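The residues of the chain are indexed from 1 along the displayed sequence. None of the values given here were measured: they were computed from a predicted structure.
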Amino acid sequence: ERQGERARAERWFRRARRLVPGGTFDPDLIRSSSTLHVEHAGLFHRIGDHERCIEFAQQALAEAEEIRDQRAEAKALPRPHLAITFLRRPDDHGWGRRALAHFRELDDHDQIAVVLNNLGVQAYFAGNWNDAIAYYTESAEERGKAGNTIELALAALNTALASDGVVIRA
């Protein structure tokens with residue numbers, strides 16, 4: 001899929017779905033199904049089909065909640081949050097904040113940084129430059145804690161872009 005072969009990726013997702021039976025009570029199978037839905041939602045996000053991204057992410061989230069798997073729930077929450085951000089909709093479900101809370105509890109600095117970056121994008125699109133800068137700055141700090149220097153540079157770039165918005169508005 002990341003090599004531009006969307007149709008092939010779709011076939012692999014369908015194959016994998018057939019291997020995970022529906023209506024099961026096995027937590028491992030439900031967790032696997034949730035993971036498949038999260039990854040499939042990611043495919044839809046990358047091709048710009050945000051409505052389907054939300055649909056698949058919500059299924060992943062429902063499965064994660066069913067088995068009370070905090071990590072699976074945390075992995076599912078950023079997908080619909082980013083999709084609604086790109087659709088310029090408010091986060092009425094609190095997906096971004098919930099994801100942030102879960103990843104903080106799990107002490108996952110890299111994923112905390114991802115969610116903070118997404119919250120920054122949401123604030124940026126809404127024209128809330130100062131909030132965007134605060135999220136991007138905190139995201140950079142989390143990237144540093146995770147040792148992810150490439151994404152640290154991206155957070156710095158996002159901060160600069162949001163800062164331009166503050167200057168232009170002034």
Side-chain angles (χ1 to χ4, degrees), residues 1-2 4 6 34-66 68-170:
E1 175 256 326
R2 292 184 188 224
R6 178 180 175 235
S34 179
T35 299
L36 280 171
H37 280 110
V38 167
E39 295 305 321
H40 210 161
L43 167 74
F44 291 122
H45 168 69
R46 285 185 287 281
I47 64 169
D49 189 345
H50 301 296
E51 295 295 344
R52 291 204 57 205
C53 175
I54 293 168
E55 175 189 333
F56 276 71
Q58 285 180 309
Q59 181 61 41
L61 185 57
E63 290 166 334
E65 289 171 341
E66 178 184 344
R68 294 182 175 94
D69 185 324
Q70 183 183 24
R71 183 163 296 280
E73 189 175 335
K75 287 179 181 179
L77 285 163
R79 296 281 191 222
H81 176 242
L82 193 56
I84 62 154
T85 296
F86 277 87
L87 291 168
R88 308 299 201 274
R89 294 184 192 157
D91 187 1
D92 294 334
H93 298 281
W95 288 319
R97 297 267 176 223
R98 288 170 55 200
L100 185 59
H102 281 308
F103 284 124
R104 282 194 166 140
E105 192 170 314
L106 293 166
D107 202 32
D108 187 333
H109 297 290
D110 209 40
Q111 290 304 307
I112 292 168
V114 167
V115 175
L116 287 166
N117 185 73
N118 294 350
L119 288 165
V121 171
Q122 184 180 23
Y124 182 89
F125 284 168
N128 299 325
W129 312 113
N130 291 327
D131 289 346
I133 291 168
Y135 285 126
Y136 292 146
T137 300
E138 191 176 352
S139 176
E141 292 167 3
E142 292 295 330
R143 292 292 189 187
K145 291 176 187 175
N148 190 334
T149 56
I150 293 172
E151 295 294 329
L152 175 61
L154 175 63
L157 173 64
N158 286 343
T159 302
L161 291 171
S163 296
D164 282 347
V166 171
V167 171
I168 290 168
R169 189 176 63 184

Heavy-atom side-chain proximity of His102 to Arg71 below 4.5 angstrom: no
Rounded distance [0.5 Å steps], CG in Asp49 versus CG in Leu43: 9.0 Å
Minimum heavy-atom distance Asp110-Ala146, with the two atoms named: N-CB, 3.8 Å
Under 3.5 Å side-chain donor-acceptor pair for His37 and Gln59: no
Sidechain N-carboxylate O distance under 4.0 Å for Lys145, Glu138: no
Glu141 side chain near Thr137 side chain, heavy-atom distance below 4.5 Å: yes
Pairing residues for Ala83 by the side chain to side chain contact (heavy atoms under 4.5 Å, CB included) criterion, not counting sequence neighbours: His50, Cys53, Ile54
Pairwise side-chain contact, Thr85 with Asn118, heavy-atom cut-off 4.5 Å (strictly under): no
Side-chain (Asp108) to main-chain (Gln111) donor-acceptor, under 3.5 angstrom: yes
Distance, nearest 0.5 Å, that separates CD of Glu63 from CD of Gln58: 12.0 Å
Distance flag, aromatic centroids of Phe103 and His109, threshold under 6.0 Å: no
salt_bridge(Arg98, Glu73) N-O dist < 4.0 Å: yes
For the student: nearest non-hydrogen atoms of Val38 and Lys75, plus distance: CG1-O, 3.8 Å
Heavy-atom side-chain contact between Arg79 and Phe56 under 4.5 Å: no
Interatomic spacing from CG in Asn117 to CG in Leu82 - rounded to 0.5 Å: 8.5 Å
Val114 side chain near Arg143 side chain, heavy-atom distance below 4.5 Å: yes
Criterion side chain to side chain contact (heavy atoms under 4.5 Å, CB included) on Leu100 and Leu116, from CA distance to verdict: CA-CA 7 Å; Leu100 185 59; Leu116 287 166; 4.0 Å; yes
Contact list for residues 88-97, test side-chain hydrogen bond (donor to acceptor under 3.5 Å, both in side chains), sequence neighbours left out: Glu51-Arg89, Arg97-Tyr135
Ala132: side chain to side chain contact (heavy atoms under 4.5 Å, CB included) partners, not counting sequence neighbours: Ala123, Tyr124, Tyr136, Ala162
Test side chain to side chain contact (heavy atoms under 4.5 Å, CB included) applied to Asp131 and Gln122, step by step: CA-CA 9 Å; Asp131 289 346; Gln122 184 180 23; over 6 Å; no
Any side-chain heavy-atom pair of Ser34 and Asp69 under 4.5 Å: no
Heavy-atom closest contact (Leu106 atom, Ala74 atom, distance): CD1-CB, 4.1 Å
